[in-house]
Amino acid sequence: MASLRFGRLAVITLLAACGVASAQTAGDTISRIKSTKTITLGVREAARPFSYLDENKRPVGYSVDLCLAAVEELKRELKLPELQVQYKVVSGAERIPKLLAREIDLECGSTTNTKARQEQVAFSYTMFVAQMRVLTPKDTPVTSLKDLDGLPLALSKGTTSEKLFTRLAETEVQLKLQVFPNNNEAYAALKAGKVRAFAQDDSLLQGLASADGSADKFQLSTLALSVEPYGVMVRKEDKALLATVDRTLGRLYASGEADTLYRKWFVGDKLAIRMSRMTRDSIVRPNKEAGVAMVLGYQL
């Protein structure tokens with residue numbers, strides 16, 4: 001009996017030790033970066049102009065540039081000039097699971113900081129504030145929820161728009177929702193006439209329409225359904241890594257470099273998105289406020 005008790009105690013002790021080791025490993029991303037001399041950035045395929053693949057399949061965009069600035073800060077802090085950047089493309093539905101699975105270290109896309117997501121991950125200072133709207137053909141204006149009644153409407157899987165419109169369909173208006181794997185497929189369905197509307201953040205909708213020269217064929221709704229503050233997403237336990245990202249953003253905001261980057265990605269011949277008052281306020285007063293679904297009156 002004594003030997004059995006001893007065996008059980010040994011097993012319990014071993015399991016506890018493994019748990020401690022696992023917890024230490026989980027939060028030790030900085031040490032792993034120093035050891036491997038690599039950091040992996042999660043990027044999007046079609047979140048123009050924030051994070052997308054260019055004609056050479058190279059990740060580019062406003063969010064990517066901000067993350068690369070944070071990488072440069074890490075190089076200085078860790079005295080690691082040889083730090084290499086790896087990229088992994090993630091979809092809206094994959095971004096949190098792949099971050100938690102440690103397949104990526106920073107998610108550099110167009111991810112809204114929400115109360116629900118804060119339960120799983122952490123966010124940097126807000127880097128942009130979008131509003132959720134609906135893109136429709138020119139002959140289908142949307143000024144109120146009633147204008148959406150009965151319309152086939154596209155959504156991108158794993159997004160705040162999917163969550164919000166699913167709720168609206170249950171409580172507010174008759175909707176024919178079709179969920180697509182990503183923004184590209186949802187937008188293609190709109191162009192092909194398979195749906196009559198595509199709900200997504202206004203900046204992303206403008207980016208999609210401008211990229212293929214179709215901006216004059218569609219219109220954004222005057223109805224804004226939510227406020228969507230974007231941030232760089234990190235694991236909750238990676239406090240040191242998050243602090244580096246926040247320091248980098250704070251420096252870029254204070255120095256005016258963020259304005260230069262904004263003009264690079266948002267002001268051009270094809271795309272022209274003026275910096276909104278909410279985005280400007282987030283630069284002047286860095287914050288981590290969660291998004292709000294205005295049409296439903298609660299935080300996302």
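The chain is numbered in sequence order, starting from 1.
Salt-bridge annotation for D216 and K138: absent, with no side-chain N of the basic residue lying under 4.0 Å from a carboxylate O of the acidic one. A salt bridge does not link K163 to E170: none of the charged side-chain nitrogens sits closer than 4.0 Å to a carboxylate oxygen. With salt bridges taken as basic N to acidic carboxylate O contacts below 4.0 Å, one links D139 and R196. Looking at R167 and E172, no side-chain N of the basic residue comes within less than 4.0 Å of a carboxylate O on the acidic one, giving no salt bridge. A salt bridge is absent between D259 and R263; no separation between the charged side-chain nitrogens and carboxylate oxygens falls under 4.0 Å. Checked for salt-bridge contact, E119 and K236 miss the test: no charged N lies under 4.0 Å from a carboxylate O. We find that K146 and D149 are not joined by a salt bridge, their nearest charged nitrogen and carboxylate oxygen being 4.0 Å or further apart.
The only option from I33, I104, L99, V85 that meets the side-chain contact (heavy atoms from CB on, under 4.5 Å) definition with T40 turns out to be I104.
No side-chain donor-acceptor contact under 3.5 Å links S35 and R32. Side-chain atoms of D212 and S214 include a donor-acceptor pair closer than 3.5 Å. Residues T279 and S276 bring a donor and an acceptor atom of their side chains to less than 3.5 Å of each other. Counted by atom type alone, S210 and Q206 present zero donor-acceptor pairs between their side chains at under 3.5 Å. When only modelled atom types and interatomic distance are considered, S156 and E162 share no side-chain donor-acceptor pair under 3.5 Å.
At least one cation-pi condition fails for K157 and F180: the charged atom is not both under 6.0 angstrom from the six-membered ring centre and inside a 45 degree cone around its axis.
In plain terms, the two heavy atoms of D246 and S124 that are nearest each other are OD1-CA, 3.3 Å. For A169 against L177, the heavy-atom pair with the smallest separation is CB-CD1, 3.9 Å. Pairing each heavy atom of V64 with each of C108, the nearest pair is CG2-O, 4.3 Å.
Checking side-chain atoms of N182 against main-chain N and O of E185 turns up a donor-acceptor pair under 3.5 Å. A donor-acceptor contact shorter than 3.5 Å is absent between the side chain of S203 and the backbone of A130.
Under a hydrophobic-cluster definition in which Ile, Leu, Val, Met, Phe, Trp and Tyr are linked whenever side-chain heavy atoms come within less than 4.5 Å, directly or via other members, F50 and L205 are assigned to different clusters.
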Hey, mind stepping through K75 and E82 against side-chain contact (heavy atoms from CB on, under 4.5 Å) and telling me if it holds?
CA-CA 8 Å; K75 288 181 180 180; E82 67 272 32; over 6 Å; no

How far apart are the C-alpha atoms of E257 and K264, what are their side-chain angles, what is the distance that settles it, and do they pass the salt bridge (charged side-chain N to carboxylate O under 4.0 Å, His left out) test?
CA-CA 11 Å; E257 292 174 74; K264 171 184 175 181; over 6 Å; no

Please assess K98 against E107 for the test salt bridge (charged side-chain N to carboxylate O under 4.0 Å, His left out), listing each intermediate value before the final yes or no.
CA-CA 9 Å; K98 288 189 179 295; E107 195 268 339; over 6 Å; no

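Residue F266 holds its CZ atom at 7.5 Å from CG of L271, rounded to the nearest 0.5 Å.
Residues F198 and Y187 keep their aromatic ring centres 6.0 Å or farther apart.
The aromatic rings of F128 and Y262 sit parallel to each other, their planes meeting at less than 30°, with 60° as the upper class boundary.
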